[in-house]
Amino acid sequence: MGLLRFNAIFLWDGVKIGTPEHLFPVAFTVFFAILFITYANRKFNKNQQDYALQFFSCIISLSVVVFHAQKISSGNYSVSTDLPLYLCSFLGLIIPLFAFFKKYWMYEILLFWIIGGTLQGVLTPDIPIGFPSFDYFRYWIVHLGLLVVIFYATFVFNMRPKLKSVFKSFFALQLYVILMIGVNYLLNANYFYLNEKPQSASLLDYFGDWPIYIIVVQIIIIPYFLLIYLPFYLSGRKRNFRNQIH
C-alpha cells in the first residue's frame, strides 16, 4: 500500500477541535496524571519519585529529538520553520534539566510557561496529520506531558510558586522573545509566532492582526500569569488559616 493511499485511509487531514482525536488524549492524560501522582506519593520513596520524573521527562524530550531526526532524514527540514524553538518544543527539549536538578528558580519560570503556553496548544491543537501519525503522538506527548511534569513537581515535591515567581517568569519570557526576534531576523522565520499568527485556529485570532496581537499578549500576560497563580495563593491562605486554628 502506497503512502498516499495509507494516509487517505487511515490518517485524517488534521485534528479538529472537539473531536475524539482531540478530547481522548486530554481525558486519558488527566486520568493518568492523577494515578501517576497519587501512586508516586503513596508508594515511591524519594529516589523512586526522582527517577519516575526523570524517566518521564526524558520520554518527552526523546519524542522531540526523534521527530526532528526523522524530519531531517527525510530531507524535508528547514531551519526557518522546523527548529525546536516554538515554546512547547523548546520546553520539551529542556524539561529533563528541571527533572534532574529540580532547581526552584526553574520551577518558578516553567510553571507559568508550561501552564500558560501548553493550554493554548491543548485547547486549539495544531496537528496537520491526525491519528495514528508519529506527529500526532509527539504533539500530545510534549504538550500534555509537560503539564504532567509540572503538576508532578507541584504535588509530589511540594513546590509552590510565590507572587514574585509571576514576574520572574514574565521577565524570563521577555528574554526568550528577544532571542526569538534575533533568530527570526537571521533565518527569515516566524518562531514564537512573532511575525505572523499560526495558520490553525488559535486564541491569537481574537487579538487582531500583526503587530496588534503581540501588543495585546504583552499587556495581558501578567494578568494571565496572576490568574494561574491565584489557585496557589488561595490554597496557601487556606493552609495558613488552618495552621493558625490548630
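Source: prediction; values computed, not measured.
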Can you give me the closest heavy-atom contact between [X] and [Y], atom names plus distance?
{"X": "Gly117", "Y": "Leu87", "answer": "CA-CD2, 4.4 Å"}
{"X": "Val156", "Y": "Asn41", "answer": "CA-OD1, 3.5 Å"}
{"X": "Val142", "Y": "Cys88", "answer": "CG1-O, 3.4 Å"}
{"X": "Thr81", "Y": "Tyr86", "answer": "O-CE1, 3.6 Å"}

Note to self: Using the rule side chain to side chain contact (heavy atoms under 4.5 Å, CB included), only one of Ile214, Ile212, Ile219 pairs with Val216; which is it?
What the structure shows: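 With Val216 as partner, side chain to side chain contact (heavy atoms under 4.5 Å, CB included) holds for just one option, Ile212.
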Kindly say whether [Y] contributes a backbone atom to a donor-acceptor pair with the side chain of [X] at under 3.5 angstrom?
{"X": "Tyr136", "Y": "Ile127", "value": "no"}
{"X": "Ser89", "Y": "Leu85", "value": "no"}
{"X": "Trp210", "Y": "Leu194", "value": "yes"}
{"X": "Gln49", "Y": "Ala40", "value": "yes"}
{"X": "His143", "Y": "Gln120", "value": "no"}
{"X": "Ser133", "Y": "Gly130", "value": "yes"}
{"X": "Arg160", "Y": "Phe232", "value": "no"}
{"X": "Tyr139", "Y": "Asp126", "value": "yes"}

If hydrophobic clusters are built by linking Ile, Leu, Val, Met, Phe, Trp and Tyr wherever their side-chain heavy atoms come under 4.5 Å apart, do [X] and [Y] end up in the same one?
{"X": "Leu234", "Y": "Tyr224", "answer": "yes"}
{"X": "Phe32", "Y": "Ile141", "answer": "yes"}
{"X": "Phe98", "Y": "Trp105", "answer": "yes"}
{"X": "Leu230", "Y": "Ile222", "answer": "yes"}
{"X": "Phe101", "Y": "Leu146", "answer": "yes"}

Using a 4.5 Å cut-off on heavy atoms from C-beta on, say whether the side chain of [Y] contacts that of [X].
{"X": "Thr29", "Y": "Val122", "result": "no"}
{"X": "Phe157", "Y": "Lys102", "result": "yes"}
{"X": "Thr19", "Y": "Phe24", "result": "no"}
{"X": "Ile17", "Y": "Thr124", "result": "yes"}
{"X": "Ser63", "Y": "His68", "result": "no"}
{"X": "Lys197", "Y": "Asp209", "result": "yes"}
{"X": "Asn195", "Y": "Asn184", "result": "yes"}

Check: Hey, mind stepping through Tyr51 and Phe44 against ring-ring contact (aromatic ring centres under 6.0 Å, His included) and telling me if it holds?
Finding: CA-CA 10 Å; Tyr51 295 149; Phe44 288 167; 9.9 Å; no
Margin query: Run Tyr213 and Tyr193 through ring-ring contact (aromatic ring centres under 6.0 Å, His included) and show every step you take.
Written below: CA-CA 10 Å; Tyr213 71 87; Tyr193 302 114; 8.7 Å; no
Using a cut-off of 6.0 Å, state whether more than 12 heavy atoms not belonging to [X] lie near its atom [atom1].
{"X": "Asn158", "atom1": "CG", "result": "yes"}
{"X": "Tyr104", "atom1": "OH", "result": "yes"}
{"X": "Asn45", "atom1": "CG", "result": "yes"}
{"X": "Tyr77", "atom1": "OH", "result": "yes"}
{"X": "Phe134", "atom1": "CZ", "result": "yes"}

[atom1] of [X] to [atom2] of [Y]: how many Å apart, nearest 0.5 Å?
{"X": "Ile37", "Y": "Arg42", "atom1": "CD1", "atom2": "CZ", "answer": "12.5 Å"}
{"X": "Lys71", "Y": "Asp82", "atom1": "NZ", "atom2": "CG", "answer": "3.5 Å"}
{"X": "Ile178", "Y": "Leu175", "atom1": "CD1", "atom2": "CG", "answer": "5.5 Å"}

Next item on the list: Start with the C-alpha gap between Phe36 and Phe56, add the side-chain angles, then the distance that decides, and say whether ring-ring contact (aromatic ring centres under 6.0 Å, His included) holds.
Entry: CA-CA 11 Å; Phe36 183 39; Phe56 191 80; 5.7 Å; yes
Check: Does one side chain, of Ser74 or Gln70, offer a donor that lies under 3.5 Å from an acceptor on the other?
Finding: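 The answer is no; no qualifying pair exists.
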Check: Just checking, is any N or O donor in the side chain of Ser80 or Tyr191 under 3.5 Å from an acceptor N or O on the other one?
Finding: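 No, no side-chain donor-acceptor contact under 3.5 Å.
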Notebook entry, point to check: Are Arg138 and Phe67 in a cation-pi setup, meaning NZ or CZ lies under 6.0 angstrom from the ring centre and within 45 degrees of the ring axis?
Noted result: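 Yes, cation above the ring, under 6.0 Å and within 45°.
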Check: Using 30° and 60° as the class limits, which term best fits the ring planes of Tyr229 and Tyr233: parallel, tilted or perpendicular?
Finding: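 Ring orientation of Tyr229 relative to Tyr233: tilted.
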Below 3.5 Å, can you tabulate the donor-acceptor pairs from side chains in residues 161-171 to any protein atom, sequence neighbours excluded?
{"from": "Ser165", "atom 1": "OG", "to": "Glu108", "atom 2": "OE2", "distance (Å)": "2.7"}
{"from": "Ser165", "atom 1": "OG", "to": "Lys162", "atom 2": "N", "distance (Å)": "2.9"}
{"from": "Ser165", "atom 1": "OG", "to": "Lys162", "atom 2": "O", "distance (Å)": "3.2"}
{"from": "Lys168", "atom 1": "NZ", "to": "Glu108", "atom 2": "OE1", "distance (Å)": "3.0"}
{"from": "Ser169", "atom 1": "OG", "to": "Ile109", "atom 2": "O", "distance (Å)": "3.0"}
{"from": "Ser169", "atom 1": "OG", "to": "Trp113", "atom 2": "NE1", "distance (Å)": "3.3"}

